[in-house]
Every structure is written in C-alpha cells, then in structure tokens.
Amino acid sequence: MSESHFTVQYGDDIAGAAKQHARPEKSKPFAYGTAGFRMNADLLDSVTFTVGILAALRSRKLQGKTIGVMITASHNPARDNGVKIVDPYGDMLEQSWEKHATELANTPTGEIKQAYERLAREVFKSENREEAHVIIARDTRPSGKGLVKALTDALEAMGAKYIDYGVLTTPILHYLTRATNTQNDSHPYGEISEEGYYKKLAAGWKTAMQYKKPEGSLTVDCANGVGADALKKFLKYMPAEDDESGGIKINVVNGRTDDPSVLNEKAGADYVKTGQRAPESFDGKPFERWCSYDGDADRIIYYFTETGNVFRMLDGDRIATLAASFIGNIVEKAGLADKIQIAVVQTAYANGASTKYIEERLKLKVECTPTGVKHLHHVASRYDIGVYFEANGHGTVLFSQNALRQIRKADPQSPAQLEALTTLQALTEFINQTVGDALSDMLLVEVILAHQSGDGEHSIAKWFTTYTDLPNRLLRVEVADKNSFTTVPDTAERKLQTPEGMQGKLDELVAKYTSGRCFVRASGTENAVRVYGEAASKHEVDNLLQSVEVMIERGEAANKVAQSS
Ligand code: G16
C-alpha cells in the first residue's frame, strides 16, 4: 500500500511512554486470539500498552465513537490475564483490525512510534483530528490494576479521553459501550451506568414474569469471580423473593472475590462443562436448579441431580434449543411467524443430537462457525432472531431491527396474543444484545422454565428430556507448539491442515467407532490443543479420545526427535 503524506496528529509522547512498558525481548510472538490477547499476566504489560494505542486509533477512525477495553482472562487460572477491544455497538473488535493489534503488539519497543504512524496513515487515509474516547473495565485478577496503568499510559500518550469503570463483568462493559454510543439515538440502549444495566435487566424480568412465579429456588456458582459481586448488586433490583409475580430465591455460592487464588478453582462454567461434574460447594437436592458462571460472567452452564445422585448437565446447546423452541413458540402465538425468521448458530463443539433436534424437530436453520463468539455473533446478526450459543455456555439471542419493529407494531387480537407479545418484548429488553452474558442468560432460562412449569413435572427435568445427547468428551492436550495445529479454511475448524498427515490418521480412527465424530484444534485462549469427540456409547467415546491423545503425543515425540537430529 502506498503511504499518504499527511501529518499524523497525536502520539508525540508514544515513544517515551512505550519505554515504561517495554516488550520483553525473548517473548514468543503475540497473537490476537479467540478473545483478544490472553496469556500469563507477566507478559501482558507491553501488549496492553499497544492495545491502548489501537483503541484510540479505532475511536478516531470511527469519528470519536467510544471503544471499550476489557481486561480479563475469563475462565483461565488466576495467574493469566487478557485484554480485548469492544467495538461501538458492544460487539467484538472488527476482525480486519485484529491484524493491526497483533502487529503493534509484536513491534519492538523502540519502533512503536513509527509503527503507529504507519498504521494511522493506512487506516485514516487523510488527516484525522477526532477526539478519541475509550472506556475500561477489568475483572478481579490482581494483575488487572497494573495492566490498566499500561493501558491508560498509552491512552494519555495518544491524547484520548477515557473512563475507568474499575471492576465489572465483561458483559457490563459491553453494555456500557453500546449504551454510551447510542445515547442520542431514537432508541438508546440503556442508562450509561452499571446501575442502569441492573435496572434494565430487572425491568425486563418483571414484565416477562408478571403472570408467573418461578418454581423452587436457583443456586449460582460464581466461580469466585466478578459475577458474584454483580449478581449480589443485581438482586437488589429484583422483586422480593415472596412477590407473587417474579419473586425468585437466588443463592450465591463460590463468591469469594477477596482471594484471587480461588478464581475458577474447582468451580465455574468451564470446570463443570469440561469435566461434566458439579463444582465445589455443590449440595443440591434432587431436581434443584443450579448454574455456574465463568470468571468474568459471560458464560453459563445449568445442572441438577436426579434421584440417586445422577448428575445432569444443561450446557450451551441446551440453552440454545430451549431458547429457540420457546421464542419460536411465542413468535407464532404472537402471529408473527411469517414476518420473523429465526436461526440458530453453533460451532463444531455442538452435540450432534442438538443440531438434529433443531433442524428436524424445531425445523429451524442451523449455521456452524469457527469457535469464538465474534464469529457466531456476526452470523446470528444476519437473521431476524439469531440464537447463538457455544456448547461451553457462551451465547445470547439477537433481535434485528426488523424483528423489533414487527414486535412493536403488532396489534394483539386476544389475551393470549397480548401475553406472547409482552413476553417477547420483555425478552428484547433483558437479553444482552452485545455479547454472551451469564446474568442475562440466567434470566432467560428462568423465564422460560417458569413459563413451562406447572404440570407437576420439574421444569429442569423436562428440559433435560427434550433430546438425548450423544456421549461426548472434551480433552485438553498440552503440546510444544499449538500453532503447528492449523485447520482447513471454511471447515469451521473441523479438519486439520497441519501437522501434515494427522487428519488422515484421525479419519481412520474415527471410522472404527459407531456414530464417531472427532476434531482437533488449537485453543485461542490457552496454550493447548482441544480434542472433541462423540460416539454412540460412553465407552466408545472414551476409547476414541484416548487413541487420539496417544496419536497427538506420538506426533509430538516424533517432532522432538526430528528437531534434535
Ligand atoms: C473465549 C471466547 C469463546 C470461546 C472460548 C474458548 O471465552 O470468548 O467464544 O469459546 O474462549 O476458546 P478456545 O477454545 O479458542 O480456547 P472466554 O469465556 O474464555 O472469554
């Protein structure tokens, strides 16, 4: 690309400020992964500084719109941290900018100013004097504070205005970003405050629950993360527990945010989903509803035990099917079925039985994308109502402008239609439109279960029996270089391109199992590869995954020998 020769405004102090946040000399290349940069917190200082430069640049490029920056490593252990950029409407950073983030993060400290100016010329095309606006939040990790300092040093060097909101859940920062940028629109997203978020969710809940009372209580495992603080604050805006319309008893467990070492330890959505087991502190009686958030409260997994202590888990696929089925139903009841098209977006981790249920029983379209909510969100936003969930419990439901218009202008012809429309309208209010949100998804599930209860059967047990999952397992295998595992483009990460020959071996293995399916991909948030498998029986799936693990380990050993000779 030819360089333009206009003067790049701002950033005169960058070189000096960068020296305070120097890139470690021997670090491996950094990459903007599934959810931004994520690694051991000790390596993140310089990366976070460069994210500050990029956030200011992005804001100026978008005529001064407010950009969000979240400092979190979500489900990872407490020693890790991460940083990601949120675009003005609360969705993830536009993918074409991820390469700019990666490039800046890998620039030697002494060359930062030149790299910034080169990038500014490339993205601005002409002189740009816009005011830059950035908002910031972090989770409860001890390293967060220092990383905010790296970020704000960059923002100050860039002459950007910023607000540091302190400790918040990831979805609240996404909410605030959108609320800030839509405050002058005809339909502002909400009040620009943490309190405004709680009020919006509670108001939607009250409307959706005006004719209902939830069955029993709900216990929430907060992974000892920021979700615990948020949930406790939120409950103050909810109807009293004994209120006939919408009162609900919610217990908070694993809410120790004073001790960072316990974050995500034997608790949280990832622990429950990956191990298919209950978290520490679980003492649920049969059919009592429990759910787990992750460390920054953007994922949720439900579970309960049946009589005899049999553990039953309801993951993101289950939430997607529950939501799609319920919403499809009320859209029809509201008389809008021919005006509103609903689709479900999943990834390759979705259990095959859930996909079959959505296509064959619900008769809805299913799309499959690579891992990462950024991919699912993008595809879901093409539909009137796009239900998207990853199996790990990360997801939400998006309502398009057309869907909102149709719901607003519909004229109910009967009390049943009025109830369906009121409920639908309430869902559009409290379902987070920016990103997966454990708190808002929890309300969605609770509203649906309350609407479906009342025939004597436990609503959570009824939910579990809608279809039977194919036995499945998820493995995490540590390898010397996860980047040597790449996938074939446009296969939604279901086929390996490298290591050479590995996909062929995998196909041969899978063919030996009844209804076998298996794929391997590098994690974008951890230093490992993930192996997912399904088969007709638990025994078969365990055997299949064991063989795949051995295959990967043999490949690693062969590589080591090749490198040392
Ligand atoms: C992040 C992403 C999710 C993704 C997960 C695991 O979640 O936002 O979309 O599913 O990482 O990704 P990977 O398999 O690439 O490690 P979170 O909750 O950790 O931010």
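All ligand and atom numbering here is 1-based and tracks the order in the structure. Positions are given from 1 along the sequence.
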*asked:* With rounding to the nearest 0.5 angstrom, report the CG to CZ distance, Asp80 to Arg141.
replied: 7.0 Å
*What distance separates Lys266 NZ from Asp221 CG, expressed to the nearest 0.5 Å?*
13.5 Å
*Any idea which protein heavy atom is nearest atom 9 (O) of ligand 1, and the distance to it?*
Glu390 OE1, 2.5 Å
*Can a salt bridge be assigned to the pair Lys374 and Glu98 using a cut-off of 4.0 Å between side-chain N and carboxylate O?*
yes
_Students should be able to answer this: which protein heavy-atom is nearest to atom 14 (O) of ligand 1, and at what distance?_
Arg530 NE, 2.7 Å
*Distance filter under 4.0 Å to Asp294 heavy atoms, resulting ligand 1 atoms*: 18 (O)
*Does a side-chain N-to-carboxylate-O contact under 4.0 Å join Arg318 and Asp469?*
yes
*Calculate, to the nearest 0.5 Å, the distance between atoms CG and NZ belonging to Asp481 and Lys28 respectively.*
6.5 Å
_Numbered atoms and elements of ligand 1 in range of Arg38, under 4.0 angstrom, heavy atoms_ = 17 (P), 19 (O), 20 (O)
*Identify which of Arg476, Arg299, Glu526, Lys374 has a heavy atom lying nearest to atom 7 (O) of ligand 1.*
Arg299
*Has ligand 1 got any nitrogen or oxygen that is less than 3.5 angstrom from a nitrogen or oxygen of Asp296?*
no
*Considering only non-hydrogen protein atoms, determine which one is nearest to atom 8 (O) of ligand 1 and report residue, atom name and distance to 0.1 Å.*
His394 CE1, 3.2 Å
*Give the residue and atom name of whichever protein heavy atom lies nearest to atom 19 (O) of ligand 1, and the separation in Å to one decimal.*
His75 ND1, 2.5 Å
*From Ala391, Gly33, Ser74, Ala35 - option closest to atom 1 (C) of ligand 1 by heavy atom*: Ala35
_Tell me whether Arg521 reaches ligand 1 (any heavy atom closer than 4.0 angstrom to a ligand atom)._
yes
*Ignoring hydrogens, just give me the one of Thr525, Asn76, Thr170 whose non-hydrogen atom is nearest atom 11 (O) of ligand 1.*
Thr525
_Salt bridge check, Lys365 against Glu359: does any charged N sit closer than 4.0 Å to a carboxylate O?_
no
*Hey, does the Lys NZ or Arg CZ of Arg277 hover above the aromatic six-ring of Tyr271, less than 6.0 Å from the centre and inside 45° of the axis?*
yes
*For the side chain of Lys482 and the backbone of Glu526, is there at least one donor-acceptor N/O pair under 3.5 Å apart?*
yes
*Where's the contact between Asn392 and ligand 1, heavy-atom distance under 4.0 Å: side chain, backbone, both or neither?*
side chain
*Is any N or O atom of Tyr349, backbone or side chain, closer than 3.5 Å to an N or O atom of ligand 1?*
no
*Would you mind running through ligand 1 and noting each atom that sits below 4.0 Å from a heavy atom of Gly372?*
9 (O)
_Tell me whether Gln95 at atom CD has more than 12 heavy atoms from other residues, nucleotides or ligands lying less than 6.0 Å away._
yes
*Would you check whether Ala522 has a nitrogen or oxygen atom less than 3.5 angstrom from a nitrogen or oxygen atom of ligand 1?*
no
*Just wondering, are more than 12 heavy atoms of other shown residues or ligands nearer than 6.0 Å to CG in Asp258?*
yes
*Atoms in ligand 1 with a heavy atom of Asp298 nearer than 4.0 Å*: 18 (O)
